[in-house]
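Notes to accompany the following structure.
What you see is a predicted model, and the numbers here were worked out from it, not measured in a lab. Atoms considered below: every heavy atom in the structure, side chains included; atoms not considered: hydrogens, waters and symmetry mates.
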Amino acid sequence: MRPDTPAENVDHHAEAARLERTAGRYPADAEALLLQAAAHLELAADRPAATALYDRLLASQDDLENPYLVRALKAANLWEYGHEAEARAIIDGVRAAAPRDPAPWVIVAEALESHDELEAAQETFTEGARLLVTDGQEPPYATRPLLFGRHRVRRMLGAAHDAWDSAADTLHSSSVSLDELHDPKRVWSLGSSNPAELEAEISRLRAELDAHREALSRPFPVAVLHWPADELAELLEAYPALASEYPSHETHLATIETSLRELSASGTANLGIVTATVPSYEAFAASELSSPTDTTLLPQYTTTLAARGRATTWPPEAGEGCWCGSGEAYAGCHGAQNL
C-alpha cells in the first residue's frame, strides 16, 4: 500500500493477503508483517480473521519477539466483537506477566478505557509506568504513550495532577495543553451553537491530529547492519568473496560502534542497528534478482530491514544489555569503546 493512499480507498482484505504472502517469503519478518495483516483485517471489520492471524502467531510463541504484544492485540480485537470474558482473561495475563515493552501495556489499557473501565485503565497505565519509567530521567519515546494515556484517563476520572501527570504535560509538545485535549467536557462543546466554542474545539482537534501525525511519521532509523558471530561465519562460508567486507567478527562489531558514533557526532539522529540472518539476506538478494556476493546489496538490505521495523535503537538505554549480544551491559561492553 502506498503511504499516500487514502484509507477509504484501501482494499484491506487484499492488503492483508499481500502481507501474508510477503511473510511467507521473509520468515524473519513474519511477526511484523502478520501483525500488519491483522490490523488490515480489523479495519475491514473481519475481526474473526484477525483473531485467526493472532492465533497463528501465538502457536509459534517460542519464535516471537514480543508475544505479549500479540496477546494484547488479540484481547483488544476479541472484546470488539463480543468475546469479553476471553479478552479480560488475556488482559489479566498480560498485566501479570509485566512485559518490559510499553506497547502491550498501552494496548490493554486503551482496551479497558474504550469499554469504560476507567479505574482499571488507570491502574494498568500506572503499572506500566511504574515498571518502565525511571524517576528523575526523561522517559524514552516509546514509554510516553503510557504517561499520556494515564493523564487522559485520570482527567476523565477527575483525579488531581500528580508527578507523572506533570511529566506528561512537560513532554507534550502541542500548542494545546494536555489538560485541554483531555478535558471530558469537550464532548459537550461539539453540540454548542456558540461559534467561539466550536472554533476553539476545532483548534484543539487540529492540534491533537498534528500530534498524532507527528507520532506516526517518525522516520525509521538510520541503521547499521549487524551479523551475529554464527550468522557471519555461515555467510563467509557460503560466500567467501564477502571476506573483504568482514575481515573478522571482532572488527565487524568495532566498526558498527565506530560508525554509529561518527553518525551521532555529525548530528544524525534516530540511529539503530538491524540484525541480519543468512536466509533473510539470501531471500532479499533473490528478490532483487542479484547474488548475495554483490556488496551493493548490503546497504539496501539494511534499509529494508529498518523500514520493516526491525531496527533496535542505538545507543541502548542506561542499564540495558549491549547490542552485540554479549550479555553484558552496554556501558561495560561496546559503550566503553574508545575512538
- Would you please say whether a donor-acceptor pair under 3.5 Å links the side chains of His249 and Glu231? no
Check your understanding: Do the side chains of Leu235 and Leu242 get nearer than 4.5 Å, heavy atoms only?
Key -> yes
Residue pair Arg261 / Pro315, side-chain heavy-atom distance below 4.5 Å: no
Separation between CG (Leu41) and NE2 (His12), nearest 0.5 Å, reads 10.0 Å
inquiry  = Grouping I, L, V, M, F, W and Y whenever their side-chain heavy atoms are under 4.5 Å apart, do Phe148 and Trp164 come out in a common cluster?
reply    = yes
What one should report as the nearest heavy-atom pair of Glu31 and Leu57 is CA-CD2, 3.9 Å
In short, Tyr68 meets Ala97 closest at the heavy-atom pair CE2-CB, 3.3 Å
Quiz item: So, the side chain of Ser166 versus the backbone of Asp162: is there a donor-acceptor pair under 3.5 Å, distance only?
Solution: yes
query = Can you check whether Glu86 reaches Lys74 side chain to side chain, under 4.5 Å on heavy atoms?
reply = yes
Output for pair (Leu225 CG, Leu305 CG), nearest 0.5 Å, gives 7.0 Å
Nearest heavy-atom contact between Tyr246 and Leu236 is O-CD1, 3.8 Å
Value for CD (Gln122) from OG1 (Thr124), rounded to nearest 0.5 Å, stands at 9.5 Å
| Side chains of Pro27 and Pro279 in contact at under 4.5 Å (non-hydrogen atoms) | no
Check: Arg47 main-chain N/O paired with Asn77 side-chain donor or acceptor under 3.5 Å: yes
Report task. Using distance alone, with no hydrogens and no angle criterion, decide if Thr51 and Tyr81 have a side-chain donor and acceptor under 3.5 Å apart. Result -> yes
Report whether Leu157 and Val106 are members of the same hydrophobic cluster (ILVMFWY, side-chain heavy atoms less than 4.5 Å apart, transitive linking).
yes
Worksheet item: So, Arg150 and Glu123, do they make that salt bridge, N to O below 4.0 Å?
Response: no
Using side chain to side chain contact (heavy atoms under 4.5 Å, CB included), reason through Leu297 and Phe284 one step at a time and then give a plain yes or no. CA-CA 9 Å; Leu297 286 178; Phe284 176 77; 4.1 Å; yes
### Task
Evaluate the side-chain proximity of His151 to Leu147: yes if any heavy-atom separation is below 4.5 Å, no if none is.
no
Q.
Same cluster or not: Ile91 versus Tyr54, using hydrophobic residues (I, L, V, M, F, W, Y) connected whenever any side-chain heavy atoms lie under 4.5 Å apart?
A. no
Between Ile107 and Ala72, the two heavy atoms sitting closest are CG2-O, 3.5 Å
To the nearest 0.5 Å, atom CD of Glu113 lies from atom CZ of Arg152 at 4.0 Å
| message | Would Glu65 and Arg310 count as a side chain to side chain contact (heavy atoms under 4.5 Å, CB included) here? Give the steps. | response | CA-CA 10 Å; Glu65 289 186 7; Arg310 306 293 295 181; 3.1 Å; yes
Item to check | Thr303 side-chain N/O to Gln300 backbone N/O, donor-acceptor pair under 3.5 Å | outcome: no
field: Side-chain donor-acceptor contact under 3.5 Å, Asp169 with His161
entry: yes
Per ring pair (Phe, Tyr, Trp, His ring centres under 6.0 Å), Tyr281 is matched among Tyr26, Tyr301, Tyr239 by Tyr301
**Prompt:** Does any N or O in the side chain of Glu282 come within less than 3.5 Å of the main-chain N or O of Pro292, such that one atom is a donor and the other an acceptor?
**Reply:** no
message = Donor-acceptor pair, distance only, cut-off 3.5 Å: does the side chain of Ser264 make one with the backbone of Leu260?
response = no
| said: Less than 4.5 Å apart, side chain to side chain, heavy atoms only: is that true for Leu271 and Thr313? | reply: no
Counting N and O atoms only, with roles assigned by atom type, does the side chain of Ser280 sit under 3.5 Å from a partner on the main chain of Ala276, one being a donor and the other an acceptor?
no
- Would you say Arg88 and Glu117 make side-chain contact, with heavy atoms under 4.5 Å? yes
With His226 as partner, the option from Thr275, Leu232, Val274 fulfilling side-chain contact (heavy atoms from CB on, under 4.5 Å) is Thr275
ask   = Salt bridge or not for Arg130 and Glu127, using N-O below 4.0 Å?
value = no
Between Leu53 and Ala38, the two heavy atoms sitting closest are CD1-N, 3.6 Å
Is there a path of hydrophobic side-chain contacts, each under 4.5 Å between heavy atoms, that joins Leu73 and Leu64?
yes
Treating His252 as the side-chain partner and Trp227 as the backbone partner, does any N or O pair qualify as donor plus acceptor under 3.5 Å? yes
Closest non-hydrogen atoms of Ala285 and Ser291, given as atom of the first, atom of the second and distance, are CB-C, 4.1 Å
- Item | Distance-only polar pair, side chains of Thr251 and Ser248, donor-acceptor under 3.5 Å | yes
So CD of Glu245 and OG1 of Thr255: to nearest 0.5 Å the spacing works out to 10.5 Å
Pair Glu257-Trp314, side chain to side chain contact (heavy atoms under 4.5 Å, CB included): steps then yes or no: CA-CA 9 Å; Glu257 184 70 24; Trp314 181 93; 3.3 Å; yes
- prompt: Does a side-chain N-to-carboxylate-O contact under 4.0 Å join Glu119 and Arg154?
  reply: no
- Message: As a quick check of understanding, evaluate side chain to side chain contact (heavy atoms under 4.5 Å, CB included) for His115 and Glu110, giving each step before the final call.
- Response: CA-CA 9 Å; His115 292 277; Glu110 288 183 346; over 6 Å; no
One should read off an interatomic distance between Leu253 CG and His334 NE2, to the nearest 0.5 angstrom, of 4.5 Å
*Please answer whether the main-chain N or O of Val224 pairs with a side-chain N or O of Thr302 as donor and acceptor at a distance below 3.5 Å.*
no
inquiry  = Is a donor from one side chain sitting under 3.5 angstrom from an acceptor on the other, for Trp323 and Tyr330?
reply    = no
Original post:
When clusters are formed by joining ILVMFWY residues with side-chain heavy atoms under 4.5 Å apart, either directly or through shared neighbours, do Leu58 and Leu19 land in the same one?
Top reply: no
